[in-house]
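The figures that follow rest on heavy atoms only: side chains count, while hydrogens, waters and symmetry mates do not. First listed ligand is number 1; within each ligand, the first listed atom is number 1.
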Amino acid sequence: MSTRIRPQPGIMEIALYKGGSSGIAGRDDVVKLSSNENPFGAGDVARTAYMRAGHDLHRYPATDHAGLRLALGTQFGLDAGRIICGAGSDEIISFLCQAYAGPGDEVLYSQHGFLMYRISALAAGATPVVAPERERTTDVDAILACATRRTRLVFIANPNNPTGTMIPLSEITRLAKGLPAQALLVLDGAYAEYAEGYDGGAALVDTRENVVMTRTFSKLYGLGGLRIGWGYGPQHVIDVLNRVRGPFNLSNTQLAVAEAALSDAAHVSRSLTENARWRSWLSGRLNELGVATDDSHANFVLARFRDTAQAEGCNSALLADGLIVRQVGSYGLPECLRITVGDEAACRRVAHVIAAFMERQR
Ligand SMILES: *Cc1c(COP(=O)(O)O)cnc(C)c1O
């Protein structure tokens, strides 16, 4: 490496993000349960829009995303003028760090928080700060205790990944009110739709100047491969983020397919119903087998084993059967495996393999 040509401070501290693996050499019956993808894929309406979008590949996309923002505003009862769209919610997270945090500033998130918070904070030259959790659950008091006059951003995923736990809106509100004046609270709602009766914090955004919500089409809508996310915030924040956003950050295809996916109520409702049913079945089965789980409010279950060795053994047993789940040592949970709730057949296969594995452990 050249000693004179050097990147900005912080960049070399970034550990490359590893996505959930998706294949096993020599096998064609693999089920991928490592990235919290919708087991039914994208809906028919979205697929049709995707095919149609092929006719417009030579056209530049809209720079203002007006159509998608209006559709989102209508769907969720939000002010479309305070929505920003990005290439996945990852891009919104990155805009936030770029715009609000730099050298000397702190970006605060919780112990088992999403890896992108740290990556985006370091990429902006800021200092990541980690607040402890209590029983794998966001601890508002611990976060408030870690906030300083340097804290510029606080990221909370609710429900959280990889734990699946969530805290009530009253706790989020207490956090928003208790933070120092220069800190912006970001509510990452990647799994908000899976939590019944939860608006992702949208109503809180409407009443406060220091709260932003991020959402995605990658999980419930089954569009992880297309990269579409969005944020909702106070006008002053959205105006700032739009200055760092590239004008053509989303393609015609992304915009059209996202809008189509929003209109497909049947696909959304089927996905939610099946997820709730098989999530409850899977965690019930795991508990019967002696594998603990927390109450998940998302589309995955965090299986807790006796120790790291047992989790690794179970992971190998699942792999040997063509089932790919997520090891979460990088989230500080090496004794756990995060298992996406698949369709009925996938859940039954997972339970079957884990049952045989636990039997051999006795
Ligand atoms: C999957 C996920 C996201 C979404 O990422 P995209 O960039 O929208 O695909 C954001 N936050 C958390 C916690 C996630 O698990």
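Which parts of ligand 1 touch Tyr191 is read off a 4.0 Å heavy-atom cut-off, strictly below it: atoms 1 (C), 14 (C), 15 (O). With ligand atoms numbered from 1 in the order given, ligand 1 contributes 13 (C), 14 (C), 15 (O) to contacts under 4.0 Å with heavy atoms of Asn161. Atoms of ligand 1 found under 4.0 Å from any heavy atom of Ala190, numbered from 1 in the order shown, are 2 (C), 3 (C), 10 (C), 11 (N), 12 (C), 14 (C). Taking every non-hydrogen atom of Lys219 and a distance limit under 4.0 Å, the qualifying atoms of ligand 1 come out as 1 (C), 2 (C), 3 (C), 4 (C), 14 (C), 15 (O). Set against the non-hydrogen atoms of Gly88, the atoms of ligand 1 under 4.0 Å away are 6 (P), 7 (O), 8 (O). Close approach to Arg227 involves these atoms of ligand 1, each under 4.0 Å from a residue heavy atom: 6 (P), 7 (O), 9 (O).
In the model, Asp294 has no side-chain atom that pairs as donor or acceptor with a side-chain atom of Thr165 under 3.5 Å. If you check the side chains of Tyr232 and Asp206, you find a donor sitting under 3.5 Å from an acceptor. Side-chain contact, Arg326 with Asn36: no donor N or O sits under 3.5 Å from an acceptor N or O. Judged by distance alone, the side chains of Gln254 and Ser251 do bring a donor and an acceptor atom under 3.5 Å apart.
Residue pairs meeting the salt bridge (charged side-chain N to carboxylate O under 4.0 Å, His left out) criterion with at least one member in residues 137-154, sequence neighbours excluded: Asp105-Arg152, Arg134-Asp139, Asp141-Arg174.
Taking any N or O of Asp188, backbone or side chain, at least one lies under 3.5 Å from an N or O belonging to ligand 1.
Residue contacts with ligand 1: Asn36 is excluded, as none of its non-hydrogen atoms falls under 4.0 Å. Ligand 1 is never approached by Glu91 to a heavy-atom distance shorter than 4.0 Å. Residue contact check for ligand 1: Ser89 places a non-hydrogen atom closer than 4.0 Å to it. Not a single heavy atom of Phe217 sits closer than 4.0 Å to an atom of ligand 1.
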Side-chain polar contacts of residues 74-81 - donor-acceptor pairs under 3.5 angstrom, sequence neighbours left out - could you list them?
residue: Thr74; atom: OG1; partner: Leu70; partner atom: O; Å: 2.8
residue: Asp79; atom: OD1; partner: Gly81; partner atom: N; Å: 2.9
residue: Asp79; atom: OD2; partner: Arg82; partner atom: NE; Å: 3.2

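Among Pro159, Ser218, Gly224, Gly189, the residue whose heavy atom sits closest to atom 9 (O) of ligand 1 is Ser218.
No donor-acceptor pair under 3.5 Å is formed between the side chain of Arg69 and the backbone N or O of Cys85.
Among the candidates Tyr117, Phe114, Tyr109, the single residue satisfying the ring pair (Phe, Tyr, Trp, His ring centres under 6.0 Å) test with Phe155 is Tyr117.
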